[in-house]
Amino acid sequence: FPPFLLGLGMDGLSVGPTLGPRVKLAVQRLNAEECHQFVREVLQLDTPSAVLERCTAVAEDKYPELLR
């Protein structure tokens, strides 16, 4: 999940060639500080289902085309 990985400080990502252009566009729309804040929020959640729900909400907001 790009916002979480970027929020943790990762600066490289590997995906298959068919997803590459879509993932690149999605990552370019992200703001580093927002990703860091996202990680802080997620780390406060109590359950895996809450984490999944938050991640899904961000994905639907930031790059819904990757969910299709």
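Of all non-hydrogen atoms in V39 and F4, the two that sit nearest each other are CG2-O, 3.5 Å. Pairing each heavy atom of L13 with each of V23, the nearest pair is CD2-CG1, 3.8 Å. Of all the heavy atoms in P3 and C35, the pair that sits closest is O-CB, 3.4 Å.
For the pair L25 and Q28, the minimum side-chain heavy-atom distance is below 4.5 Å.
Neither L52 nor L45 shares a network with the other; the hydrophobic side chains, linked directly or stepwise wherever heavy atoms of I, L, V, M, F, W or Y lie under 4.5 Å apart, form separate groups for each. Under the 4.5 Å side-chain heavy-atom criterion for grouping Ile, Leu, Val, Met, Phe, Trp and Tyr, V27 is connected to L19 within one hydrophobic cluster.
Identified under the ring-ring contact (aromatic ring centres under 6.0 Å, His included) test for residues 6-48, with sequence neighbours left out: F1-F38.
Crowding of E53 atom CD: a count of heavy atoms from other residues, nucleotides or ligands under 6.0 Å not exceeding 12.
Atom CG of L6 sits about 10.5 Å away from atom CG of N31, to the nearest 0.5 Å. Atom NZ of K62 is separated from atom CG of L30 by 7.0 Å, given to the nearest 0.5 angstrom.
Taking a cutoff of 4.0 Å between a charged side-chain nitrogen and a carboxylate oxygen, E33 and R40 qualify as a salt bridge. One finds no salt bridge joining R29 and E34 here, because no Lys/Arg side-chain nitrogen approaches an Asp/Glu carboxylate oxygen to under 4.0 Å.
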